[in-house]
Visitor: 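One structure, pasted below without further comment.
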2 protein chains.
Amino acid sequence: MGADTRRATIVDVAAAAGVSTTTVSHVLTGRRPVAAATKARVEAVVADLDYRANASARHLRTERSGILALVVPDLTNPFNSAMAAGLHETVLPSGYLAVVGEAPEPGAPLSGVLRQLLDRGIDGMVLGRFGASEADIDSVAASGTALVRLGGPLGSGRGDVVRANEVQGMFDIVDHLVHRGYRRIAFADGPAGSSPGGERQRGYEQALRDAGLPVRDDLVVHTAYTREGGVRAAEALLAGPGPIDAIACCNDLIAVGVLDVLRARRIGVPGDIAVTGYDDIEAAELMSPALTTVLNPAREIGRTSARMLLDRLDHGYTGPDRETILAHRIVARDSA
Amino acid sequence: MGADTRRATIVDVAAAAGVSTTTVSHVLTGRRPVAAATKARVEAVVADLDYRANASARHLRTERSGILALVVPDLTNPFNSAMAAGLHETVLPSGYLAVVGEAPEPGAPLSGVLRQLLDRGIDGMVLGRFGASEADIDSVAASGTALVRLGGPLGSGRGDVVRANEVQGMFDIVDHLVHRGYRRIAFADGPAGSSPGGERQRGYEQALRDAGLPVRDDLVVHTAYTREGGVRAAEALLAGPGPIDAIACCNDLIAVGVLDVLRARRIGVPGDIAVTGYDDIEAAELMSPALTTVLNPAREIGRTSARMLLDRLDHGYTGPDRETILAHRIVARDSA
DNA sequence: GACCGTATCCAAATCGATTTGGGACCGGGT
DNA sequence: ACCCGGTCCCAAATCGATTTGGATACGGTC
C-alpha cells in the first residue's frame, strides 16, 4: 500500500540523458527530428527509468483526453457488451481508453452520463441505438467531439454512422418465412418510432409486398425491446383479430417473451406458429426451440465504429460524414 | 462540426465575477471558507458561463485521475458485463469514470491493458476473477492504486476482496442434488488451481462428506470455463470408470456444453443424469431444460466493489483490507 | 492609539508535459 | 573572411487548475 517511489517525470529523463526536456519530448512524440545518437541515449534512459508520460499533463497541453466513450441504454444486453468488447480491443493499441456508459433515460435534455463524459473532454463517442435523443446528438456534435452513431439517418455534421442493413435483414428473414410457407405473418415491433424498429418494419412490409401478401396494420404491434415486452406482444397478437401462423420479432429478447407465452399455452413452435428474432444473442442457440434469427455482427460493429473514430482523431480524416453498412446473416435454427 | 466557442476556464469565471481564480477554486472545492455574497456571485457566474473544470488540469495538480477500472478476462460473459453495469452506476454519481478492460492472457508479466491503465494513473481498480496473475496483483498494489479483487485470499496490503460465498454455494447445490436422491455426483471443475474452481470444489466435496457419500477423484474432471470445455468434460465423464447420475458444473457455460452432449446422446435430463450450473446467466432460464443453478448477484458485486473503492478514495478509509461476502441463492429449475 | 484576531481575498508557485522561436555549430561556396 | 543553409538542441511560454503564504481591512480590547 502506498507509492514507494515517485514516478519518473520528463525532467528526470532529461537530466539523466543530459539533454533538455524539449529533446526528450521530441524523441517521444517524433514531431521533430533528433540525432540518432541522442535519440538512442534518451530511449535507453526512458527504458531504464521505466518512464511513461503523465497522461493528464499531456492532455492538458494537447487538449486531447485520449478517452473514447460508448453510450448504450443497457450494458447487460449482450449485443451492447459485445459491441463494447469490439470497441475496447480496437482502440487500446492506439493508446486510447474506452469507457462505457449507460444512459438511463434518453428523455432528459442531456442526461447525466452524457454530460459527464462531455465535461471530461472525451475525444470521441459512439452513441448506441436508442441511447440518446436528437438534442443529445446535436450537443455532442456541437462540442467538437468525434461522433459515431449506430443507426439513424446520415445527416451532415452529425457524425459518422455505422449500421447493419436493418431493412434488408428483416426482409430476408420474413422472406425466409414466406418460403417456408407461412402466410399470416405478424410483426412484434419495438416502440413506435424507435430505431431500429422503423427500418425493420420497412423490411417486414417490403417482404410481404414482394410476396404478394397483404400488409395489415392489425398484424403489427409495438412493445418494449425486452422479454416482458415480448410477452405483452404475443398476448396482444393472440387476442387479435385474425389467426396468424408466424411472428417475426424485432429482436431476440422480444422473441424470448413470445416463446414464453406460446410454450405456456402449449402452442407448437414452429408447427402452429413460427417465431423469429433478430440479433442472435448467445441464448438464441441455447433455447428450446433454438431461435431462428438474424445475426448482426455486434463485435464487428464495435470494431468498425472504433476505426471510424480513430480515422478522424489519429489519421487526420476531415472529409464529410460517412456511413458504413455491415452485412447480416440469417441463422436458421428450429423456431422457423 | 468543430468547437464553435472555447470552453470557459477558471480565469474567465474569475474575471466575470471580479475575484481571483483562487477564490473561484475555493468556492468550487470548498476547501476554504468564502464570504456568502462572494460565493453566490461566483456560483451565478459559473452557472451563467456553463463553466466546468478541465479534468486534465485538475488531475495534473491533484494527482488523481478520477478514473476507476474493471479488468476481466471476457467482457461478453454476462456475469462480467452485469458487474460492469453495477460498477458504472455506483461510481458515476461520485464523479468517477469507470473503464472496462479485457485482459487477454493473464500469463504475461503485466499485460497490455493493465499496464496502460496503470500508466494513466487510475485511482482504483477492480480485478475480476481469472483476470490477473499474482505478480499483476502485486504490481497494482505497489503502484498505490486502490484495489478490489473478486475472489482470492484476503492478504494484507493486497487490496480489499469482494466475493460470493463460493464454497457454500456449491455446497448448497450439491446438497440439493443429494436431497433429490442423486448419489453418484460428478464434478466438472474449471482448470486445476483456478479460482473460483478451487473453492467450489471444496464445497462439492464437503457436501458429499456431510451426506456420507464417498469422495472419488475419478469423478472430478478439470476443463475450461467454456461451453466447449463442458463438452469435453461430459465426454470424459461418460467415458469414465463408473456410472454417474448427476453432474455438478463449475459454471453455467460448462453446464451448457454438458447439456449439448447429453442431448446429442439422448440421455434424459434430469431423468438419467441431473445437471447443475453456477452463475445463473441469462440463458440459463431460456435453455431446454432450464438450468438449475446458483445465482451470484453480479450487479451487486459490482456495486459493492465500487463502494469499497469509494470508501478509500473519497471517504478516507485507511484501515486494514476488508472482505465482503455476498449471499448467493439456489435457482431450482428443470435440470436437477 | 497600539495591538491582536478574524474574516476575506489574492499573487505566485506548482503539477508534467508540449511547442515556439531562436541559438550554436559545422561545412562549403564565393 | 564572410555568408548561407542545414542540423541539432534548448530556454521559456503555455495549458487550466490547486494550494501556499501572505496582505488587507475591520472590530474589539487594553
Side-chain angles (χ1 to χ4, degrees), chain A residues 3 5-43 45-46 49-67 95 118-123 144 314, chain B residues 3 5-43 45-46 49-67 95 118-123 144 314:
Chain A
T5 51
R6 197 176 53 86
R7 234 173 86 172
T9 72
I10 198 173
V11 176
D12 302 327
V13 174
V19 297
S20 73
T21 62
T22 307
T23 301
V24 175
S25 177
H26 288 151
V27 169
L28 263 36
T29 63
R31 299 186 62 80
R32 286 234 198 137
V34 174
T38 312
K39 186 173 173 188
R41 195 150 33 92
V42 170
E43 283 170 344
V45 172
V46 164
L49 264 48
D50 192 29
Y51 166 79
R52 281 148 296 147
N54 178 308
S56 294
R58 166 172 294 170
H59 297 144
L60 172 58
R61 188 62 233 251
T62 59
E63 307 200 311
R64 298 273 293 268
S65 65
I67 298 179
L118 254 32
D119 288 0
R120 288 243 172 199
I122 58 168
D123 298 334
D314 286 1
Chain B
T5 51
R6 198 176 51 87
R7 233 173 87 172
T9 73
I10 198 171
V11 176
D12 302 327
V13 174
V19 297
S20 71
T21 62
T22 308
T23 301
V24 175
S25 177
H26 288 153
V27 169
L28 262 37
T29 64
R31 301 185 61 82
R32 285 230 199 143
V34 172
T38 311
K39 186 173 172 186
R41 194 150 33 92
V42 170
E43 283 169 343
V45 172
V46 164
L49 264 48
D50 193 28
Y51 166 79
R52 281 147 297 146
N54 178 308
S56 294
R58 167 173 292 169
H59 297 144
L60 172 59
R61 189 63 232 250
T62 59
E63 308 200 312
R64 297 271 292 270
S65 66
I67 299 179
L118 254 31
D119 287 0
R120 287 242 172 199
I122 58 167
D123 297 335
D314 285 0

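Convention: sequence-line order gives letters A, B, ...; per-chain numbering from 1. Below, all heavy atoms of this structure are taken into account, side chains as well, without hydrogens, waters or symmetry copies.
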Visitor: The side chain of Thr23(B) lies closest to which of these nucleotides: dC9(D), dA17(C), dC10(C)?
Guide: dC10(C)
Visitor: Let me know the distance between CD of Glu63(A) and C1' of dG16(D), rounded to the nearest Å.
Guide: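 Computing the Glu63(A):CD to dG16(D):C1' distance gives 10 Å.
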Visitor: Choosing from dT19(D), dG22(C), dA11(D), which nucleotide comes nearest the side chain of Arg32(A)?
Guide: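 The closest nucleotide is dG22(C).
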Visitor: By nearest atom, which of the nucleotides dT20(D), dA17(D), dT19(C) is closest to the His26(A) side chain?
Guide: dT19(C)
Visitor: Among the candidates dA17(D), dT18(C), dC15(C), find the nucleotide nearest to the side-chain atoms of Arg61(A).
Guide: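 Taking heavy atoms from C-beta onward, the closest nucleotide is dT18(C).
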Visitor: Quick check: on DNA chain C, is the nucleotide nearest Val34(B) upstream (toward 5') of the one nearest Thr21(A), or the reverse? Name the residue that is more 5'.
Guide: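 Looking at the nearest nucleotide for each, Val34(B) comes out on the 5' side.
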Visitor: From the set dC10(C), dG16(D), dA17(C), return the single nucleotide nearest to any side-chain atom of Ile10(A).
Guide: dA17(C)
Visitor: Counting heavy atoms from C-beta on, name the nucleotide in dC15(C), dT18(D), dA17(D) closest to the side chain of Ala57(B).
Guide: dA17(D)
Visitor: Does Thr62(B) make a side-chain N or O approach to OP1 or OP2 of dC15(C) shorter than 4.0 Å?
Guide: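 Looking at the OP1 and OP2 atoms of dC15(C), neither is under 4.0 Å from any side-chain N or O of Thr62(B).
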Visitor: Considering only side-chain heavy atoms of Ala53(B), which listed nucleotide, dG16(C), dT19(C), dA17(D), is closest?
Guide: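 Per side-chain heavy atoms of Ala53(B), the pick is dA17(D).
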Visitor: Could one point to a donor on the side chain of Thr22(A) or the base of dT19(C) with an acceptor on the other under 3.5 Å away?
Guide: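 Yes, a donor-acceptor pair under 3.5 Å.
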Visitor: Considering only side-chain heavy atoms of Asn54(B), which listed nucleotide, dG16(C), dT18(D), dA17(D), is closest?
Guide: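 Looking only at side-chain atoms, Asn54(B) lies closest to dA17(D).
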Visitor: Please check the phosphate of dC10(C) (OP1 and OP2 only) for any side-chain N or O of Ser20(B) closer than 4.0 Å.
Guide: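 Answer is yes, contact under 4.0 Å.
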Visitor: Arg58(A) side chain N/O closer than 4.0 Å to the phosphate oxygens (OP1, OP2) of dG16(C)?
Guide: no
Visitor: May I ask you to verify if any side-chain N or O of Ser25(A) is less than 4.0 angstrom from the OP1 or OP2 atom of dT18(C)?
Guide: yes
Visitor: Looking only at side-chain atoms of Thr29(A), point me to the closest of dT18(C), dC9(C), dA17(C).
Guide: dT18(C)
Visitor: Atom OG in Ser56(A), atom CZ in Arg61(B): separation rounded to 0.5 Å?
Guide: 13.0 Å
Visitor: Is any side-chain heavy atom of Ile67(B) closer than 4.5 Å to a side-chain heavy atom of His59(B)?
Guide: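 Answer no - side chains too far apart.
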